[in-house]
K.L.:
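My questions all concern the structure below.
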Amino acid sequence: MPEGPEIRRAADSLEAAIQGEPLTDVWFAFPQLKSFESQLIGKRITRLETRGKALLTHFSNQLTLYSHNQLYGVWRIVDAGDTPQTTRVLRVRLQTANKAILLYSASDIEMLTPEQLAVHPFLLRVGPDVLDMSLTVEQVKARLLSPKFRHRQFGGLLLDQAFLAGLGNYLRVEILWQAELTPQHKASQLSEGRLDVLAHAMLDIPRLSYQTRGKVDDNKHHGALFRFRVFHRDGERCERCGGVIEKTIVSSRPFYWCPECQK
Ligand SMILES: [Zn+2]
């Protein structure tokens, strides 16, 4: 299950392939989208915005393609004119002179005007995305302390896209280890200092993962690289305190933690 950093990097790849270039071919599988095909020829993709697992493809004529991949949807990048051999069902093709991006299998696809975008039910429900670089620690703290979220246990809260979009299971585990908290803690119980550490971790860890996960430390990279401290490390020693990392289940998902220093 991809989390925010992986989704954002996939969007970066799509952007790199076709952003800013005039569209030369546009094709939609769904009948209700057919009328947009000719409208989009010659227009450009200005930006690909991620909101949790939703992708917003913004066009230069102010229209936005909303797509949510659910469990099955997948984007592919190909050379213009190429059609990959696959058993997946093609739903969207957006092509420029050089490249095309193809969306397979997704069923949740809509074209929205700016007015429709502003009132879209999923987008109204989903919280701010941790990889939106304009989101600040102060805003995360305010959200943690808001009446809606202050009494929620972190184990469930950190998986709830209505709280913050882009967090998933490995980020939940690593954030709570970094902040030395348990999944049972709630914002309403925390001192100002602990809340501050948590809010920083909620932004720093996903952003470090986005920037460096999978990169090899070849001494050319200055600064920290993302790596797992507890995720999939049950039975190993905690690097902070030497305690033994344990695995359990929290909110129906595997949870890894150090009982010695997370309390
Ligand atoms: Zn520890």
Side-chain angles (χ1 to χ4, degrees), residues 1-9 52 127-131 135-146 149-161 163-219 221-263:
M1 195 71 125
E3 301 186 23
E6 291 69 43
I7 293 167
R8 185 59 245 175
R9 285 201 295 203
D129 197 293
V130 288
L131 293 170
L135 181 65
T136 66
V137 167
E138 288 308 315
Q139 289 170 318
V140 171
K141 274 161 78 173
R143 207 162 172 81
L144 277 165
L145 290 174
S146 67
F149 301 118
R150 60 185 288 120
H151 297 300
R152 297 265 310 272
Q153 294 189 349
F154 294 140
L157 183 67
L158 270 64
L159 294 177
D160 184 351
Q161 301 296 293
F163 169 58
L164 288 176
L167 299 182
N169 198 38
Y170 85 75
L171 290 169
R172 167 180 80 149
V173 164
E174 295 296 324
I175 287 167
L176 290 179
W177 181 85
Q178 180 72 39
E180 300 177 59
L181 293 166
T182 71
Q184 288 76 39
H185 275 110
K186 307 164 184 175
S188 58
Q189 303 168 321
L190 298 189
S191 66
E192 180 67 23
R194 296 196 87 181
L195 199 67
D196 199 57
V197 170
L198 174 63
H200 272 98
M202 283 175 163
L203 295 182
D204 291 350
I205 292 177
R207 289 171 183 182
L208 185 65
S209 173
Y210 165 63
Q211 286 155 2
T212 70
R213 188 175 171 203
K215 291 208 173 121
V216 181
D217 193 352
D218 52 7
N219 295 324
H221 198 281
H222 302 289
L225 291 178
F226 177 85
R227 59 196 176 80
F228 294 130
R229 312 302 179 108
V230 280
F231 189 70
H232 283 176
R233 287 188 179 273
D234 44 313
E236 296 180 30
R237 294 277 173 189
C238 169
E239 64 181 72
R240 186 165 51 210
C241 75
V244 177
I245 295 162
E246 291 186 7
K247 179 182 180 182
T248 180
I249 300 287
V250 175
S251 298
S252 312
R253 304 286 299 281
F255 188 82
Y256 303 84
W257 66 304
C258 172
E260 291 296 320
C261 63
Q262 290 180 254
K263 50 180 122 189

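Along the sequence shown, residues carry numbers from 1. Just so you know, ligand 1 is whichever comes first in the structure, and atom 1 is the first atom listed for that ligand.
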K.L.:
Run the side-chain donor-acceptor check on residues 254-261: report pairs under 3.5 Å with partners two or more places apart or on a different chain.
P.N.:
none

K.L.:
Taking Gln262 for the side chain and Leu181 for the main chain, is one N or O donor matched with an acceptor at less than 3.5 Å?
P.N.:
yes

K.L.:
For the Zn ion (ligand 1), check which protein N, O or S atoms are under 2.8 Å away and list them.
P.N.:
Cys238 SG, Cys241 SG, Cys258 SG, Cys261 SG

K.L.:
Can you pull out every salt bridge (Lys or Arg N to Asp or Glu O under 4.0 Å) where at least one residue sits in residues 192-205? Sequence neighbours excluded, please.
P.N.:
Lys141-Glu192, Lys141-Asp196

K.L.:
Does the pair Asp160/Arg152 count as a salt bridge with the N-to-O cut at 4.0 Å?
P.N.:
yes

K.L.:
Between Glu239 and Arg233 (salt bridge meaning N to carboxylate O under 4.0 Å), is one present in this structure?
P.N.:
no

K.L.:
If the condition is side chain to side chain contact (heavy atoms under 4.5 Å, CB included), which residues does Arg150 pass it with, not counting sequence neighbours?
P.N.:
Leu145, Ser188

